[in-house]
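Heavy atoms only: backbone and side chains are in, while hydrogens, waters and symmetry mates are out. Numbers restart at 1 for each chain; the letters A, B, ... are given by sequence-line order, proteins then strands.
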Amino acid sequence: MKERLRAALRAALTQRLGVPPAELPDFSVEVPNLESHGDFATNAAMLLAKRLRKAPREIAGLLGPALQAAPEVDRVEVAGPGFLNVFLKADAWRALLWDVLAAGADYGRSARERPARVMVEFVSANPTGPLHFGHGRGAVVGDVVARLLAFSGHQVQREFYVNDAGKQVRNLVLSMVHWLRKDRGLPGELPADGYHGAYVADLARAAPAELTRFLPGEPDEASLVALERFGVAAMLDAIRRDLDDFGVAMDRFSSERELLGSTRLAELLQELQARGVYEERDGARWFLADRFGDEKPRVLIKSDGSHTYFANDLAYHLDKLRRGFERLINVWGADHHGYVPRMRAALQALGQPPEALEVILVQMVSLLRDGQPVVLSKRAGDIVTLREVFEEVGRDAARFFFLLRGSDSQMEFDLELAKRRSMDNPVYYVQYGHARLCSILARARERGLPVPGLESRGALSLAPLELPEELRLVKKMAALAEVVRRAADSCMPHQVVYYLQELTADFHSYYTTYGKTSPILGGPAERVAARLVLVLALRQVVANSLGLLGVSAPERMESLGAEGEEG
RNA sequence: GCGCCUGUAGCUCAGCUGGAUAGAGCAACGGCCUUCUAAGCCGUGGGCCGCGUGUUCGAAUCACGCCAGGCGCGCCA
């Protein structure tokens, strides 16, 4: 509808006001904040005031009739400084309910004229331990951004980059060796950057005997590598399980080590060399990143001949582009932000579009228990794992909480609050909306009331839906596709959360306001039928939205009991 | 010192690419359950949108400068 109004405005501007098509202003067509300002409003007249040397309201008066021509339009008003407010006929809105039922689980999905091939790389935690609490936010944000992109018509691939080649995995295996020796009473110390957690000892003890034959001696390189592979594989398995149980899917785990084995890096270095942006200094090899907007040159090959993490990661990003992905979305912790200009510089230096790389920087999450920060001692190796958190508060609540704030705001995650089954907890509010809708339908069937389906389209009139609250709900449902597209394009999944909260709030309000005077299942049969169509459509929209967040849509929720201190 | 993020109600945060009278939840206070789940609803109070200048028909939103908090500035990952 928005697009049709836009087209009508463009036509009116060129034909009635003689504005050349090339000089059309970039006017808006928006849903206004106030309902009295119509279903849609445009600022076109104000933008043209200067050029046409006319008062905005006068121009608006000329444009109005053009919009009026559309069959869905009820009336058009000139308002305020020169806004055009467009009101649609109620019937035009009501018809949308059938569209919702027809589309079902696909309602809100968009098709793109030109879908982009998008890679979302996220989590990418070192395979040296289980996912900890801090990984949760990036995991959910990446997961939902991927869902949103796919639902809004793009082709999406999700990947986890496995840093299985560097110093960290070496620290892991050395830590394992330390624990093995300790078990046997052999001398030795944990390496300075070693891993303290008890899980490392468990991991070491789980190693098959043939991998620990070097004991009681010191391991040679081959033994170390073998044990390292074992440790990494086991940790990666644990990470996969954590993600799986948290509702986060990956299409592929890309191994840094395997990528190293390919010739990508060598080619890349040659290419940089050929372009004259690669130099040797002090025994190391540098990429002259400062020529491409970064602060300073960056080392690719260290003086000991090993690669920096950056070198390998750059090879990986190039690999993504070669595999045909046009948009590379990475979800990184905000502490890695300094890395962005470096990667962009390198892509640019290699003749790739630097803007292909989009980085979602997620800010820190502080963990609270009952309002007090949870203090963690890194030295003692105590970490709060992601699994502990979602097992404590529940997967739905954990996911919802991580999505509750924009990625670039730091946030607090209060365990007690997330667990609380009360009004403070927004996830239950939304889920309860869905359960309530289901319960109305169940009650209707119990009472033997016919629940209309799509087959009633055409036969059943929706005209009895005349309450302002009912029309408001329909209008909000109409916005889903645009909300999803917007959230996807801007990588802001929290927008869907807010949408969902508004939608369910409108429903709860409608339900309660009329619960006594005009209950959904009361009154004339035609009205009940029409309202059941509204309920069916609402349930679909709520379910689809929850689905996009990876949060379950329960059909019923256990009642807490009104007189409940218990529980 | 330089760079990135943030600063909006008592608290936690929305506010889309500049639009009309700045919103939500929680907290506080007052109401609503014989009838579709009260995990709900209705109402009241609460604001220098960090500060200042600029851009323009119009700024919480854009630009610049300050102030405050967080993070980063390795031949670490």
Side-chain angles (χ1 to χ4, degrees), chain A residues 26 28 30 32-34 36-37 41 43 46-47 49-50 55-56 79-83 85 126 128 163 166-168 171 193 281-286 295-296 298-304 306-310 312-313 333-341 361 363-364 371 404-412 414 417 420-433 435-444 446-447 482-483 486-487 489-490 492 494-495 497-498 501-502 504-505 507-516 519-522 535 556-562 564:
Chain A
D26 188 20
S28 65
E30 301 183 319
N33 294 327
L34 269 64
S36 61
H37 291 156
N43 63 353
M46 286 180 286
L47 295 178
K50 202 168 241 180
F83 287 101
N85 295 338
N126 283 328
T128 53
N163 303 128
K167 190 169 162 182
Q168 296 309 320
N171 282 336
D193 301 326
R281 277 184 216 168
D282 309 326
R285 294 169 185 274
W286 304 70
E295 289 176 9
K296 45 187 157 186
R298 306 290 179 179
V299 172
L300 292 173
I301 309 294
K302 302 182 224 172
S303 47
D304 68 358
S306 62
H307 314 152
T308 59
Y309 173 82
F310 172 49
N312 292 341
D313 202 20
D335 53 345
H336 287 65
H337 67 81
Y339 199 78
V340 178
L361 295 168
Q363 294 287 338
M364 282 186 2
L404 216 41
R405 310 292 175 225
S407 299
D408 45 17
S409 290
Q410 295 180 16
M411 63 171 285
E412 297 179 342
D414 191 320
L417 180 60
R420 209 173 295 160
R421 310 203 146 216
S422 72
M423 297 192 282
D424 327 1
N425 196 337
V427 64
Y428 293 108
Y429 180 88
V430 173
Q431 288 184 315
Y432 178 47
R436 200 171 228 186
L437 288 158
C438 291
S439 145
I440 293 168
L441 293 167
R443 187 56 56 97
E446 262 173 51
R447 294 188 189 172
E482 190 180 347
V483 168
R486 226 180 243 280
D489 289 342
S490 55
M492 297 208 260
H494 71 280
Q495 292 180 350
V497 175
Y498 280 86
Q501 286 182 320
E502 283 174 27
T504 44
F507 165 63
H508 281 309
S509 171
Y510 164 63
Y511 175 93
T512 315
T513 305
Y514 295 99
K516 284 184 176 169
I520 292 170
L521 300 179
V535 168
R556 61 177 49 187
M557 297 187 79
E558 219 172 286
S559 176
L560 281 183

Side-chain donor/acceptor contact of A:H337 with base of B:rC71 under 3.5 Å: yes
For A:R556, all residues meeting side-chain hydrogen bond (donor to acceptor under 3.5 Å, both in side chains), sequence neighbours excluded: none
Side-chain atoms of A:M557 come closest, of B:rA39, B:rC36, B:rG70, to B:rA39
Taking atom P in both B:rA9 and B:rU35, compute the distance separating them and give it to the nearest angstrom. 41 Å
State which residues pass side chain to side chain contact (heavy atoms under 4.5 Å, CB included) with A:S490; sequence neighbours excluded, sorted by chain then number. A:M492, A:Q495
Under 4.0 Å between any heavy atoms, over every strand shown, what does A:G406 touch: base, sugar-phosphate, or nothing? Just pick one. sugar-phosphate
Could you tell me which residues satisfy ring pair (Phe, Tyr, Trp, His ring centres under 6.0 Å) with A:H337, sequence neighbours excluded, listed by chain and number? none
Would you call the rings of A:Y510 and A:F507 parallel, tilted or perpendicular, where under 30° means parallel and over 60° means perpendicular? tilted
Let me spell it out: for each of A:A284 and A:R405, pick the nucleotide of RNA chain B with the closest heavy atom. Which residue's pick is nearer the 5' end? A:R405
Pick out the pairs of N or O atoms, protein on one side and nucleotides 44-47 of chain B on the other, that lie under 3.5 Å.
none

Checking B:rC76, B:rC5, B:rC13 against the side chain of A:M411 (C-beta onward), the nearest is B:rC13
With sugar-phosphate taken as primed atoms, P, OP1 and OP2 and all else as base, the protein-contact string of nucleotides 15-22 of chain B at under 4.0 Å (heavy atoms; B, S, -) is SB--BB--
A:Q363: what forms a side-chain hydrogen bond (donor to acceptor under 3.5 Å, both in side chains) with it, not counting sequence neighbours? none
With the side chain of A:Y428 defined as its heavy atoms from C-beta on, choose the nearest nucleotide among B:rA39, B:rC75, B:rA14. B:rA39
So if I take every side-chain heavy atom of A:L361 and compare against B:rC36, B:rC4, B:rA77, which nucleotide ends up nearest? B:rC4
Write out the stems for RNA chain B, ordered by first number and formatted as range with range, counting runs of at least 3 consecutive Watson-Crick or G-U wobble pairs under 3.5 Å. B:1-7 with B:67-73, B:10-13 with B:23-26, B:28-32 with B:40-44, B:50-54 with B:62-66
Could I get the full list of ring pair (Phe, Tyr, Trp, His ring centres under 6.0 Å) partners for A:Y339, not counting sequence neighbours? A:F310, A:W332
What nucleotide, of B:rG70, B:rC41, B:rC36, holds the atom closest to the side chain of A:M364? B:rG70
For A:Y511, which contact category applies under a 4.0 Å heavy-atom criterion: base, sugar-phosphate, or nothing? base
Using a cut-off of 4.0 Å on non-hydrogen atoms, how would the nucleic acid contact of A:I440 be classed: base, sugar-phosphate, or nothing? sugar-phosphate
Suppose we call a contact any N or O donor and acceptor under 3.5 Å apart; does that hold for the side chain of A:S303 and the base of B:rC75? yes
Measuring only the P atom in each nucleotide, how far is B:rG50 from B:rA68? A whole number of Å is fine. 16 Å
Check every strand shown and say whether A:Q501 touches a base, only sugar-phosphate, or nothing at a heavy-atom separation below 4.0 Å. nothing
What interatomic distance, in whole Å, is found between P of B:rA24 and the corresponding atom of B:rG15? 15 Å
Looking at every strand, decide which applies to A:K516 at a 4.0 Å heavy-atom threshold: base, sugar-phosphate, or nothing. base
Shortest side-chain distance from A:K302, nucleotide among B:rG70, B:rC42, B:rA77: B:rA77
Please enumerate all protein N or O atoms sitting under 3.5 Å from an N or O of nucleotides 6-11 of chain B, with distances to 0.1 Å.
unit_1 : atom_1 : unit_2 : atom_2 : d
B:rU6  : OP1    : A:D408 : OD2    : 3.3

With a 4.0 Å cut-off on heavy atoms, is A:A444 in touch with a base, just the backbone sugar-phosphate, or nothing at all? nothing
With syn defined as a glycosidic angle within 90 degrees of 0 and anti as anything else, the base of B:rC5 is anti
Sequence neighbours excluded, which residues qualify as side-chain hydrogen bond (donor to acceptor under 3.5 Å, both in side chains) partners of A:T504? none
Distance check, C1' atoms only: B:rU56 and B:rG18, in whole angstrom units. 10 Å
Mind checking the C1' distance from B:rA20 to B:rG58? Whole angstroms is fine. 10 Å
Partner residues of A:D408 under the side chain to side chain contact (heavy atoms under 4.5 Å, CB included) criterion, sequence neighbours left out: none
By side chain to side chain contact (heavy atoms under 4.5 Å, CB included), which residues pair with A:R447, not counting sequence neighbours? A:R443, A:L449, A:L521
Given the P atoms of B:rA27 and B:rA63, what is the spacing between them in whole Å? 38 Å
How many Å lie between CG on A:D193 and P on B:rG74, as a whole number? 17 Å
Describe the nucleic acid contact of A:R556 in one word from base, sugar-phosphate, nothing, applying a heavy-atom distance below 4.0 Å. base
